[in-house]
Peer 1: 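Below you will find the structure I want to go over with you.
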Number of protein chains: 2
Amino acid sequence: MRRTVDPTCKPEEHAGARRWPDVTGTALQRASRIFRALGDPPRLRLLVLLAKGEACVTEVAAAEREEISTISQRLRVLRSESLVSRRRQGKHILYGLADQHVADLIFNALAHASEPRPAPPPAHKEEGAIHVTPDSHR
Amino acid sequence: MRRTVDPTCKPEEHAGARRWPDVTGTALQRASRIFRALGDPPRLRLLVLLAKGEACVTEVAAAEREEISTISQRLRVLRSESLVSRRRQGKHILYGLADQHVADLIFNALAHASEPRPAPPPAHKEEGAIHVTPDSHR
DNA sequence: TGAACACTTGCACAGTTGTTCAACTATTAG
DNA sequence: CTAATAGTTGAACAACTGTGCAAGTGTTCA
């Protein structure tokens, strides 16, 4: 059975409205590509490492105990989203975070990730409220 | 050929050092899970929609022109990372952003995504500097 | 010039993820 | 009670992604 889009419930029934900048399709696409690049633990670790300062590929590989090739591939992904900077210094190629924005993003997520988890709901039925997320923050 | 971890280049050669909070393995895991959840365009769009105010599943499905089941599945992923709140109101279940942190994260990434791209470099070799992102992307 | 070092890249394979269908639970109306 | 509405969930499948290997490029140094 294919239930699609014929809402018997009208939008006016609920839905408050705050103001948000209009989000273009491309901005959204790019944002999600960035998120996706950040969404791999090894890659995120690599970025955290680079946040401490520039490093060459070999150096990173040593720190992470991974193969050079693997690190290089990871950096390729990050580079394709402009998340890292890159410059040659003699034999080495130094990588670093692209800018402060990237550092902020990572820092922000790590902060959120370190917050207390909302307890897994005991699957209880209550007076008209499921109350899953007791608004834990700010 | 398996070149692993025996750096002929010493760490002291380069690498500046800024201070960063020590990142635990679990925080990093969770952060990347959050990023991954945000890293799907439809899911991100859904969150942007919810950022404008709470909405029930049917409503969202109508707005996105998708099947209810699909929306529900997307919400499930977001819920599993505690990115959305959920409460029942009569027949409907209202979803919204979990907290300000989430809004910040999304807003931040969208801002970064809307920034001017590093200019497509003329593929020139210059004094020891390879510009940030020489390659195109998708 | 040639050898050594420092990466990068194409490819194949395995593991992961998003979507859909169908069946299920939960709430309300008759 | 039953029917209808609202939403969830499990399974299957196609599409995507990360890794490691082998072979490549580019730079330095003798």
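Chain naming here is simple, since letters A, B, ... match the order of the sequence lines and numbering starts at 1 in each. Any value given below was found using the heavy atoms of this structure, including those in side chains, with hydrogens, waters and symmetry copies removed. Computed from a predicted structure; not experimentally measured.
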Peer 1: Quick check: any donor-acceptor pair below 3.5 Å linking the side-chain of B/Q73 to the base of C/dT20?
Peer 2: yes
Peer 1: Judged by atom type as modelled, is there a donor-acceptor pair below 3.5 Å linking the side chain of B/S72 to the main-chain atoms of B/S69?
Peer 2: no
Peer 1: Can you tell me how far C1' of D/dT8 sits from CZ of B/R86, to the nearest Å?
Peer 2: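 From B/R86 CZ to D/dT8 C1': 8 Å.
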Peer 1: From CZ of B/R74 over to P of C/dG18, roughly how many Å is that when rounded to an integer?
Peer 2: 10 Å
Peer 1: Between A/R33 and D/dT17, is there a contact of a side-chain N or O with OP1 or OP2 at under 4.0 Å?
Peer 2: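 No.
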Peer 1: If you check every side-chain atom of B/E67, which of C/dC21, D/dT9, D/dT19 has the closest atom?
Peer 2: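 Given the options C/dC21, D/dT9, D/dT19, the side chain of B/E67 is closest to C/dC21.
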Peer 1: Both B/R43 and B/K91 contact DNA chain C. Which one's nearest nucleotide lies toward the 5' end?
Peer 2: B/R43
Peer 1: Working note: B/L50 + B/L78, criterion side-chain contact (heavy atoms from CB on, under 4.5 Å); need CA distance, chi angles, decisive distance, verdict.
Peer 2: CA-CA 12 Å; B/L50 292 183; B/L78 296 173; 5.5 Å; no
Peer 1: Nearest whole angstrom, please: distance from the P of C/dA26 to the NE2 of B/H92.
Peer 2: 19 Å
Peer 1: Starting at CG of B/L75 and ending at C1' of D/dT9, how long is that distance when rounded to a whole Å?
Peer 2: 14 Å
Peer 1: For A/D40 and A/G90, find the nucleotide of DNA chain D closest to each by heavy atoms; which residue's nucleotide sits nearer the 5' end?
Peer 2: A/D40
Peer 1: So which of B/E54, B/R86, B/E59 actually passes side chain to side chain donor-acceptor pair (under 3.5 Å) with B/Y95?
Peer 2: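 Exactly one candidate clears the test, B/R86.
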Peer 1: Nearest whole angstrom, please: distance from the P of C/dA22 to the CD1 of B/I68.
Peer 2: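 Roughly 16 Å, once rounded to whole Å.
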Peer 1: Check the distance between D/dG26's P and A/R88's CZ and give it to me in whole angstrom.
Peer 2: 10 Å
Peer 1: If the cut-off is 4.0 Å, is B/R36 near the phosphate of C/dG18, judged by side-chain N/O to OP1 or OP2?
Peer 2: no
Peer 1: Can you confirm whether more than 12 heavy atoms, excluding those of B/R45, are under 6.0 Å from its CZ atom?
Peer 2: no
Peer 1: Can you spot which of B/R43, B/R33, B/R36 makes a salt bridge (Lys or Arg N to Asp or Glu O under 4.0 Å) with B/E81?
Peer 2: B/R33
Peer 1: Can you check whether any acceptor in the base of C/dC21 is under 3.5 Å from a donor in the side chain of B/S69, or vice versa?
Peer 2: yes
Peer 1: Expressed in angstrom and rounded to an integer, what is the separation of A/E64 atom CD from D/dG20 atom C1'?
Peer 2: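 Checked: the CD to C1' distance equals 17 Å.
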Peer 1: Can you tell me if A/T70 touches the phosphate of D/dG20, counting only side-chain N or O atoms and a distance under 4.0 Å to OP1 or OP2?
Peer 2: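 Answer is yes, contact under 4.0 Å.
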Peer 1: Check the phosphate of C/dT8 against A/Y95, side-chain N and O only, distance under 4.0 Å to OP1 or OP2. Yes or no?
Peer 2: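 Yes, because at least one side-chain N or O of A/Y95 sits under 4.0 Å from OP1 or OP2 of C/dT8.
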Peer 1: Send over the distance from A/R87 CZ to C/dA6 P, rounded to a whole Å.
Peer 2: 17 Å
Peer 1: Establish whether the base of D/dG20 is bridged to the side chain of A/E66 by a donor-acceptor pair shorter than 3.5 Å.
Peer 2: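 Side chain to base: no pair present.
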Peer 1: Suppose we call a contact any N or O donor and acceptor under 3.5 Å apart; does that hold for the side chain of A/S72 and the base of C/dT9?
Peer 2: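 There is none.
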